[in-house]
Amino acid sequence: MLIGTEAALAIAVAGAAGREPRFADLVRAGLAPTLRKREPGFAGLVSIMVGQQVSTASAAAIGGRLTAALGEVSAARIDAVGDDVLREAGLSRAKIATVRALAEAVRHGALDLEALGALPADEAHRRLVALRGIGPWTADVYLLFCLGHPDAFPAGDLALQEAARDAFALSGRPSAPEL
């Protein structure tokens with residue numbers, strides 16, 4: 001079952017709490033996660049890429065400028081503008097290359113973003129990270145927040161690792177496999 005509603009999230013949280021007593025303690029204390037659904041598809045994936053390694057405020061500003069410049073964040077609109085437009089919106093050279101590679105993959109059918117939600121998480125993840133510039137974190141965040149995939153988790157996310165260290169009173173930040 002995909003996690004796309006509050007009810008589905010409640011079921012997933014209950015299942016996780018049943019498997020991890022420390023998580024169950026957090027849930028009982030009122031610290032359950034909230035539904036953080038994002039737009040799926042090309043625009044959603046670009047939004048996640050824009051937000052990599054920048055503050056939330058910077059990501060919002062860049063995303064706003066990108067939408068204003070393109071009118072619609074789509075593969076066709078990316079193809080229709082020069083790099084200068086993307087750079088002026090705030091994208092780095094690496095992010096421009098990634099967005100262009102994504103647009104090409106979507107346009108040529110090498111990546112079907114709509115079909116990813118029906119795939120097992122590991123296969124969907126593999127298809128995303130096969131694209132130049134899309135790493136495990138981006139793939140996991142897209143699968144989790146845009147598609148609501150219950151088997152995706154960005155365990156390499158430093159903020160999540162720090163939150164787990166704090167929440168579970170660990171002596172150090174857990175590694176991705178430990179998390």
Side-chain angles (χ1 to χ4, degrees), residues 1-57 59-60 62-64 66-67 72-75 78 95 98-99 101-103 105-107 109-131 133-164 167-168 174 176-179:
M1 171 176 55
L2 295 179
I3 303 172
T5 65
E6 292 291 343
L9 178 62
I11 291 168
V13 166
R19 287 187 300 280
E20 173 53 65
R22 295 175 298 176
F23 185 68
D25 292 342
L26 295 174
V27 171
R28 278 192 293 279
L31 299 175
T34 58
L35 186 64
R36 295 178 59 189
K37 197 81 167 106
R38 290 184 177 195
E39 178 183 354
F42 188 87
L45 186 50
V46 169
S47 174
I48 290 166
M49 292 185 317
V50 165
Q52 292 174 330
Q53 301 177 338
V54 298
S55 70
T56 303
I62 295 167
L66 187 60
T67 300
E72 170 192 34
V73 180
S74 68
I78 292 292
K95 288 182 182 180
T98 300
V99 168
L102 174 61
V106 167
R107 187 178 62 256
L111 180 65
D112 182 350
L113 291 171
E114 291 183 25
L116 289 179
L119 297 175
D122 57 345
E123 177 60 18
H125 191 273
R126 186 189 65 71
R127 289 185 188 192
L128 284 168
V129 299
L131 290 173
I134 296 183
W137 181 89
T138 302
D140 285 332
V141 170
Y142 181 78
L143 293 173
L144 183 62
F145 292 130
C146 292
L147 299 181
H149 207 300
D151 294 326
F153 184 71
D157 186 284
L158 295 179
L160 283 176
Q161 291 173 352
E162 279 299 314
F168 300 139
E178 291 168 332
L179 187 57

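Position 1 is the first residue of the sequence, and the numbers go up from there. Computed from a prediction, not measured in an experiment: that's the story for all the values here.
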Rounded distance (nearest 0.5 Å) linking atom CD1 of Ile3 with atom CG of Leu35
8.5 Å
d(Leu102 CG, Leu113 CG) to nearest 0.5 Å is 6.0 Å
Rounded to the nearest 0.5 Å, what's the gap from CG on Leu2 to CG on Asp151? Could you check?
10.0 Å
Please examine the side chains of Lys95 and Leu66, heavy atoms only from C-beta on, and report whether any two atoms are closer than 4.5 Å.
no
What pairs of donor and acceptor atoms, side-chain ones from residues 36-52 against any protein atom, are under 3.5 angstrom apart with sequence neighbours left out?
residue: Lys37; atom: NZ; partner: Cys146; partner atom: O; Å: 2.7
residue: Gln52; atom: NE2; partner: Thr138; partner atom: OG1; Å: 2.0

If the condition is side chain to side chain contact (heavy atoms under 4.5 Å, CB included), which residues does Ala176 pass it with, not counting sequence neighbours?
Ala155, Gln161
In the structure I gave you, are the side-chain heavy atoms of Phe145 and Pro154 within less than 4.5 Å of one another anywhere?
no
Contacts of Asp25 meeting side-chain hydrogen bond (donor to acceptor under 3.5 Å, both in side chains) (sequence neighbours excluded), chain-then-number -> Arg28
Can you find a heavy atom in the side chain of Ile134 that is under 4.5 Å from one in the side chain of Tyr142?
no
Heavy-atom closest pair, residues Pro174 and Ala164:
CG-CB, 4.0 Å
What's the shortest heavy-atom distance between Gly133 and Thr98, and which atoms?
CA-OG1, 3.3 Å
If you round to the nearest 0.5 Å, how far is CZ of Phe23 from CG of Leu26?
7.0 Å
Nearest 0.5 angstrom please: Leu128 CG to Leu143 CG, how far?
5.5 Å
Here the pair of heavy atoms bringing Ala139 nearest to Val129 is CB-CG1, 3.8 Å
